[in-house]
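All remarks here apply to the structure that follows.
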Amino acid sequence: MPKKRSGGGLTGTQQAAKFLGVSVLAGAVLAGIALPAAGALGLAAKGTVEGFDTIPANLKTPPLSQRTTILDSEGGQIATVYSRDRTVVPIEDISPYMQKAIVAIEDARFYEHGAIDLKGVLRALNKNAQSGGVSEGASTLTQQYVKNVFVEEAGDDPDKVAQATQQTLGRKIRELKYAIQVEEELGKKKILENYLNITFFGQQAYGVEAASQRYFSKKAKDLKLEEAALLAGIVQSPSRFDPVNDSEEATKRRNIVLQRMADVRDISQAEADKAKASPIKLQVSKPKNGCITAVNGAGFFCDYVRQVFLTDPVFGKTREDRLKIWNQGGLTIRTTLDPQAQESAQNSIKQHVYQTDKVATAVTLVQPGTGKVVAMGQSKPYGFGKNETQINYSVNHGMGGSNYGFPVGSTFKPFLAAAALEQGKPPTQVYPSPYKMPYPESISTCSGKPWVNPGGQQTLENENETEVGPYPLKEAMALSVNTYFVQMIGEIGMCPILEMTGKLGVVQGNGTKMPELPSALTLGSTGVSPLNMANAYATFANRGTYCTPTAIESITTADGKSLKVPQTECSKAMSERTADTINTLLRGVIDSGTGRQAGLQSRDNAGKTGTTDFRKNAWFVGYTPNMSGAVWVGSASQQVKMEYITIGGQYHEKVFGGAVPGPIWKDAMTGALDGEPAPPFVRVHIPDVPKDKDKDKEKDPHKPDDGKPGDQEPWPGISIPPDLIGGGSNRGQGNGGGDGGNWP
């Protein structure tokens, strides 16, 4: 006795045999009922048992692509991203009306036949022969599901999609064999569930749950009869029966579905007539896909998370492997973004720099000791419109940022000072520091071949003519004295600085190492990203231990599995003593130096200002023991000189790092740290070096002493090499500058 199956139908072998027996007769129908009569002519040669048996036996069903949800550190939703908007739900969470409607209109005999409906094939063949065209198809719901699997597997590749949907007998035969397998392995209930989750319903909605949310803003389990009939009708032609754009056609199609449901006795005629009489009532939810929908200005952070996923080998050996997982979606990604810090950063940005300003600002906050990125925002929003951009000014080019980052000016000087301290220079180090001088004649390099300045051609100067040394390190850092730090690099060479920046993770915006040039390693002429700077300064806050930045806390897949995520890697970049000394020095910048406008009142804080040539970039990078932040202000194109300019409604004759970025940093940090502990720095006593009161006497030997301390011996035990004082007619070459280094 033939083996019967659940829901009716024959076994796989019997289905194949029957199919082969009618394949020549019904070849055109089986090829999608879309081939002309002549197309059936050579079907017998392919409709053989041998050809059928060569098809692989197992259908490899790819996981359905779904939306990915990106969350902040507290579980709040930042954004949803997807290649296909789909939320997979079990059959129990799909309205019974929806289940009946899709079966009634697509395959009314679904529960009575196996993989192929032979009665349907012959009926369609007869009807099409009578009409002389294609008026009826014969694919079962199972066959349609298999075709959708092929389409899903093709992804966004147009060639693969074309192959998956081409109207050929070969594809139909392959589709049928897999349909037989699916019928035997899954059963009717699971096939229906899979079909409703994979099918496209128009308006970017894949699967019935997404469709229900898109058209009615409700869950699929809550669909009413007339709503379910509308969705079932869309499947045949999502563009033609789109209720958003053509309500009349959608209504006609819905009513056909309702009548079909009545004809097969899923509902009564009275129920069908009542539903037909009701107008379509949509409550459309617009697609919310991508980082452009992120809350609190977190679009750029959202994109950074995506870039981290696509570039980190922990998520796959190749970028193609990682992209496949990302596009498949269904992930829940919990990130490091702190909602309080992000909101504070965005509020500060909006207050100080307008979206319509000629220049922009970028703000990035990170957590020392963990590398967690807790805030990331900018004044030009994430988008495609006017005064919007998709370039993330906070990160390197390889992560979606600008091509080269932005010159950092004097915010680079603490790296040089840290390198000098590590080389044994005392924090009381004094250099003559004239107003103007040439770069040293030669500076040692890592290669052993010195950098040379023939004839003193390359020169530099301080911001103000009144900035004339000698200066000790503490005062030189507070006032950001350019000539002091050029004399320092002349003594220690460039290699210790490159070693230090390497330990701090400081690279150029294009991802390459810092160049071995004096202007880059003293005056910050090279472009670096705000995230890079904030994270490097976090090392000072963390007492010399550098930690790589991280943005992802955890990832859970659609089936509840946890994926491995990148972990921060920490390493010692300098001694605690050196870091504590830098912290003490940079407290002076805020207390009495160029960063006074940035100082926080209620907690220990330190930082450094920076302004580059022609005032094209202004920076403030600062930190507390538990948070570090970098603020850049400038033009992404590097074409705007920030002189006689209005920014955020405030006019500035000249922009300084302390005057515009400083207050942005202050307000962002104040809100971000509200309610957080206020730990102190470990301070280092740096003795003041007495001022040289004999300098004036050298100019005028007849001038008497004023009797104040320091007239007799300015710096006991410290000598000043006379050859370090010089001048020159040419100004520095390169794009760098001190805090206010403004030379043409």
Any donor-acceptor N or O pair under 3.5 Å, side chains [X], [Y]:
X    : Y    : result
Y623 : N583 : yes
T370 : Q367 : yes
S480 : K608 : yes

Legend entry - Side-chain donor/acceptor of Q342 to backbone N/O of A375, under 3.5 Å: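 Absent.
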Inset, instruction - List for me each residue that meets side chain to side chain contact (heavy atoms under 4.5 Å, CB included) alongside T356, sequence neighbours excluded, and say none if there are none. - result: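 Once residues adjacent in sequence are excluded, the partners of T356 under the side chain to side chain contact (heavy atoms under 4.5 Å, CB included) criterion are Y354, N387.
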Inset, instruction - May I have all residue pairs that pass side chain to side chain donor-acceptor pair (under 3.5 Å) and include part of residues 210-220, sequence neighbours excluded? - result: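 Qualifying pairs, neighbours excluded: D85-R214, S217-S285, K218-E227.
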Legend entry - E320 atom CD, neighbour heavy-atom count above 12 within 6.0 Å: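 No, because the 6.0 Å sphere around CD of E320 holds 12 heavy atoms or fewer from other groups.
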Inset, instruction - Give a yes or no on this: more than 12 heavy atoms of other residues, nucleotides or ligands lie within 6.0 Å of atom NZ of K572. - result: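 Buried by this count: over 12 neighbours within 6.0 Å.
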Inset, instruction - Could you label the plane-to-plane angle of the F412 and F415 rings as parallel, tilted or perpendicular, counting under 30° as parallel and over 60° as perpendicular? - result: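 Plane angle over 60°, so perpendicular.
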Inset, instruction - Measure up the Y651 and Y644 rings against each other and bin them: parallel (under 30°), tilted (30 to 60°), perpendicular (over 60°). - result: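 If you compare the ring of Y651 with that of Y644, the planes turn out tilted.
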Legend entry - Charged tip of R615 within 45° of F656 ring normal and under 6.0 Å: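 Yes, a cation-pi geometry holds between R615 and F656.
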Inset, instruction - Would you please indicate yes or no on a ring centroid separation below 6.0 angstrom for F681 and F540? - result: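 Ring centroids of F540 and F681 are no less than 6.0 Å from each other.
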